[in-house]
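The block underneath contains the structure these notes are about, expressed in structure tokens.
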Amino acid sequence: MNYQESREYIDKITREIPSVLGLDHMCELMKRLGNPQDDLKYVHIAGTNGKGSVIAFLYSVLSGAGYRIGRYVSPTLYSYRGRMEVSGSRISREDFAAYITQVSDVIAAMTKDGYPHPTAFEIETAVAFLFFKKENCDLVLLEVGMGGNLDATNIIKNTLLAVLVSISMDHMSFLGNTLAQIAEKKAGIIKDGCRVVTARQKPEAMQVIERISREHGAKCTIADASEAEMLKESCFGQTIRYRGEEYEIPLAGVYQKENAVVALNALKVLDELGFSTAAEQKKEGLRTVNWNGRFTVICKKPLFVVDGAHNPAAADMMAASIEHYFKGKRIIYIMGVFADKDYRSVIQKTAHFADRILTIQTPDNVRALPAGELAKTVSEYNPNVQAMDTIKDAVEEAFSLAGEQDVIIAFGSLSFIGEMTDIVENL
């Protein structure tokens with residue numbers, strides 16, 4: 001396969017093979033590929049909101065310190081191949097196509113032997129493991145896809161550090177209907193004898209994480225964001241003081257203080273595990289971190305912010321950021337969501353801030369909620385809503401409605417934010 005054919009193969013699997021939790025198919029696939037994941041060391045990151053930001057902080061600091069770091073995240077905003085990188089370089093088109101060809105040949109043999117067809121995420125994860133082994137990574141930062149215990153990424157054995165970011169209600173049909181049940185699944189990434197760093201969670205989740213850590217003989221560190229002091233902040237970034245040191249962070253959003261504290265605690269544990277970084281390397285890594293789409297300003301007049309608030313907890317965080325940065329401002333929304341998310345709760349928490357709401361359908365995704373259906377639900381909470389035919393139409397309409405002092409916020413699924421950013425930059 002060439003690159004275009006490999007992408008078409010993945011797209012076809014995404015449409016035809018539903019998501020499934022469980023490691024049986026992944027174990028068989030990786031065994032037939034020679035178990036490349038067993039030759040790597042990992043920081044494994046699970047939780048509801050903040051995984052990508054914490055990985056971005058760690059990736060920036062550790063790569064800047066000279067380590068050969070692999071990063072596996074999803075989804076990505078601007079490049080599909082950005083899901084798997086090593087020290088700033090995305091997997092090449094040629095390598096991706098070659099690995100997909102290798103994996104698809106193995107899958108053909110698997111299905112011929114009666115095994116179910118792996119999902120797109122399982123295939124992508126297998127490709128990532130092959131890529132990271134070939135690139136001889138010192139350490140891999142691995143983001144969980146969904147949950148933890150039964151996620152395809154949890155096939156790994158050599159977890160040095162398990163990181164748990166903020167846990168809240170999400171994917172309930174897969175993970176459970178209580179915070180404790182969801183925390184149990186996410187804490188399933190904790191392995192015997194590894195180290196654990198967790199954000200300070202709500203009590204019912206915290207109790208589960210501490211219990212599972214004890215059961216695995218895993219020393220658990222709680223990263224408490226209340227110990228960090230905010231020195232300066234705006235919608236363009238913030239400066240915090242934590243344990244006597246000042247850190248500049250070019251990411252906005254009231255939640256980034258917590259993510260930075262989690263990352264700093266993870267780096268302290270990694271110091272003890274042989275991946276040491278100097279104080280100045282930590283500061284420089286946080287100062288130069290790049291993680292777009294999380295309350296990111298992409299235009300200044302009018303102010304245009306994109307945010308991946310796609311579940312109730314993320315909507316709470318976005319609402320807090322709006323209150324914090326834009327109180328009294330006239331706000332226009334562009335909103336697009338997946339049908340399988342709790343979008344009604346997202347609407348309930350955010351709709352009242354907006355003067356106008358423009359809805360879109362996330363393009364080329366079977367999970368996308370139609371713009372008209374989203375607008376109908378939004379109208380129950382804010383009548384000033386209009387369904388738009390395309391992302392470009394929504395952006396143009398938002399600019400026509402907004403004055404220089406107004407604020408446009410596009411949010412919901414991360415999957416449309418890359419395309420939207422391109423449109424805004426080229427208007």
Side-chain angles (χ1 to χ4, degrees), residues 43 45 47-62 64-65 161 163-168 195-203 205-206 209-210 219-272 275-297 303 305 307-309 313-329 407:
V43 177
I45 299 96
T48 307
N49 293 299
K51 297 187 294 292
S53 296
V54 170
I55 288 176
F57 287 132
L58 297 177
Y59 188 58
S60 183
V61 172
L62 292 164
L161 171 61
V163 177
L164 292 154
V165 298
S166 175
I167 295 173
S168 57
R195 298 289 296 274
V196 179
V197 169
T198 177
R200 181 166 289 286
Q201 310 283 353
K202 292 178 181 174
M206 198 72 250
I209 292 166
E210 291 179 321
K219 182 180 177 182
C220 181
T221 299
I222 299 172
D224 192 342
S226 69
E227 296 174 4
E229 179 187 0
M230 186 68 72
L231 300 179
K232 290 188 293 185
E233 58 180 330
S234 75
C235 60
F236 299 100
Q238 50 202 290
T239 301
I240 66 171
R241 180 183 290 120
Y242 183 61
R243 293 179 176 167
E245 300 283 357
E246 290 186 16
Y247 299 93
E248 292 180 47
I249 304 167
L251 307 180
V254 294
Y255 46 86
Q256 291 298 359
K257 182 176 81 165
E258 178 178 287
N259 293 332
V261 168
V262 170
L264 287 166
N265 277 271
L267 288 165
K268 185 173 185 296
V269 170
L270 288 171
D271 285 342
E272 299 168 13
F275 292 89
S276 61
T277 50
E280 287 306 313
Q281 290 171 326
K282 292 180 175 71
K283 289 182 180 182
E284 180 65 10
L286 265 63
R287 189 185 66 79
T288 57
V289 69
N290 180 33
W291 193 235
N292 292 320
R294 282 74 179 174
F295 219 78
T296 303
V297 175
L303 208 61
V305 176
D307 189 70
D316 281 334
M317 294 174 185
M318 191 184 89
S321 294
I322 291 171
E323 287 270 15
H324 206 68
Y325 301 127
F326 304 136
K327 196 158 188 152
K329 293 274 190 179
V407 179

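The model shown is predicted, which means the values in this text are computed figures rather than measured ones.
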Atom CZ of F275 and atom CG of L161: how far apart are they, to the nearest 0.5 Å?
-> 11.0 Å
Under 3.5 Å, side chain of K257 to main-chain N/O of M230, donor-acceptor pair present?
-> no
Heavy atoms only: give me the nearest N49-A314 pair and the separation to one decimal.
-> ND2-N, 3.4 Å
Would you say the side chain of L286 lies within less than 4.5 Å of the side chain of L264, judging by non-hydrogen atoms?
-> yes
Please tell me if the side chains of N265 and Y242 come closer than 4.5 Å, counting only heavy atoms from C-beta onward.
-> yes
State, with a plain yes or no, whether a side-chain heavy atom of P250 is found less than 4.5 Å away from one of V289.
-> yes
Taking S321 for its side chain and M317 for its backbone only, find out whether a donor-acceptor pair lies under 3.5 Å.
-> yes
Quick one: does R195's side chain get under 4.5 Å of T221's, heavy atoms only?
-> yes
Between atom CG of N290 and atom CZ of F57, what is the distance when rounded to the nearest 0.5 Å?
-> 11.0 Å
Are any non-hydrogen side-chain atoms of E284 and Q281 less than 4.5 angstrom apart?
-> no
Excluding sequence neighbours, so at least two apart, what forms salt bridge (Lys or Arg N to Asp or Glu O under 4.0 Å) with R241?
-> E229, E246
Which residues share a side-chain contact (heavy atoms from CB on, under 4.5 Å) with A252, sequence neighbours left out = F295, Y325
Note: V196 and L164 closest approach over all heavy atoms is CG1-CD1, 4.4 Å
I222 vs E210 side-chain heavy atoms within contact, under 4.5 Å | yes
Give the minimum heavy-atom separation between V43 and I45, together with the two atoms involved.
-> O-CD1, 3.4 Å
Distance-minimising heavy-atom pair for S60 and T288 | OG-OG1, 3.5 Å
Rounding to 0.5 Å, atoms CE (M206) and OG1 (T198) come to a distance of 4.5 Å
Would you say the side chain of V305 lies within less than 4.5 Å of the side chain of C235, judging by non-hydrogen atoms?
-> no
On a heavy-atom basis, the closest approach of N259 and V54 is O-CG2, 3.6 Å
By side-chain contact (heavy atoms from CB on, under 4.5 Å), which residues pair with A199, not counting sequence neighbours?
-> Q201, E258, V262
Exceeds 12 heavy-atom contacts within 6.0 angstrom, atom NZ of K268 = no
Measure the spacing between OH of Y255 and OG of S53 and express it to the nearest 0.5 Å.
-> 6.5 Å
Euclidean distance, Q256 CD relative to I249 CD1, rounded to 0.5 Å = 7.5 Å
side-chain contact (heavy atoms from CB on, under 4.5 Å) between L62 and L267: does it pass, once the steps are laid out?
-> CA-CA 9 Å; L62 292 164; L267 288 165; 4.1 Å; yes
Below 4.5 Å, heavy atoms only, C-beta onward: do K282 and D271 meet side chain to side chain?
-> yes
Supply the atom-to-atom distance I240 CD1 to L231 CG, rounded to the nearest 0.5 angstrom.
-> 8.5 Å
